[in-house]
Engineer: 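My questions will all concern the structure given below.
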Amino acid sequence: MTRSEFDDIRAHIAAEADHPGDLLRVARSLLDDLESARMREATLRTYYLRLLTAARATVAAEAAGYPAPLTFLTEELNKRGQLPATEEEVNRILADAHTAAALLASLERAPEEPVGLEKTSVRAVAGNGPRVRRCSGTSRTLPR
């Protein structure tokens, strides 16, 4: 559930606080969404653990001199349909990996050195901090 949806629900509760039936429907909907999010998180954690285990087994197999160390990782990726099948997919995956590495490197830079900003403008912005955008209002109506 997005922040905007939570804001909409808060606004609905504030506007319709005297209708307990509506509040009960909202509460049930929130519980359903939370349960769904919990299940998605558990599934993603399981996928992550399996992938991490396969990666560690691959590195261990290479260190032990196993004749085909990529077998563990290849099998796990194959189960999920994540093995590249064409040269185009291979090139796209490699490009994505290079882009991800560059983004991580830029995020790990010291905050005093933003890319493309001069020192004087950094001081002016740093004192005030970044502007935070917030959703407000009720863009969506809830069932009655």
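For the single chain, residues carry numbers from 1 onward in sequence order. Just so you know, these numbers use all the heavy atoms, side chains as well, and skip hydrogens, waters and symmetry mates.
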Engineer: Main chain of Thr86, side chain of Glu89: is a donor-acceptor contact present, judged purely on distance under 3.5 Å?
Structural biologist: yes
Engineer: Would you find a donor on one side and an acceptor on the other, under 3.5 Å apart, between the side chain of Ser29 and the backbone of Arg25?
Structural biologist: no
Engineer: Salt bridge between Arg45 and Glu41, side-chain N to carboxylate O under 4.0 Å?
Structural biologist: yes
Engineer: Return the minimal non-hydrogen interatomic distance between Leu73 and Ala55, and the atom names on each side.
Structural biologist: CD1-N, 4.1 Å
Engineer: Kindly compute the distance separating CG (Leu77) from CG (Leu83), expressed to the nearest 0.5 Å.
Structural biologist: 5.5 Å
Engineer: Do Leu34 and Arg38 have side chains that get closer than 4.5 Å, going by heavy atoms?
Structural biologist: no
Engineer: Can you tell me if Ser36 uses its side chain to pair, donor with acceptor, with the backbone of Asp32 under 3.5 Å?
Structural biologist: no
Engineer: Strictly distance-based, threshold 3.5 Å: is any side-chain N or O of Glu35 a donor or acceptor partner for the main-chain N or O of Leu31?
Structural biologist: no
Engineer: Is any NZ, NE, NH1 or NH2 atom of the basic residue among Glu76 and Arg80 found under 4.0 Å from an Asp or Glu carboxylate oxygen of the other?
Structural biologist: yes
Engineer: Without swapping roles, check the side chain of Asn91 against the backbone of Glu87 for a donor-acceptor pair under 3.5 Å.
Structural biologist: yes
Engineer: Quick one: pull up OG1 in Thr71 and CG in Asn78 and give me the separation to the nearest 0.5 Å.
Structural biologist: 11.5 Å
Engineer: Within this structure, what is the OG1-CG distance for the pair Thr46 and Leu51, rounded to the nearest 0.5 Å?
Structural biologist: 12.5 Å
Engineer: First locate atom OH of Tyr66, then atom OG1 of Thr58, and finally report the distance between them rounded to the nearest 0.5 Å.
Structural biologist: 10.0 Å
Engineer: Heavy-atom count check: over 12 atoms from other residues, nucleotides or ligands less than 6.0 Å from Glu62 CD?
Structural biologist: no
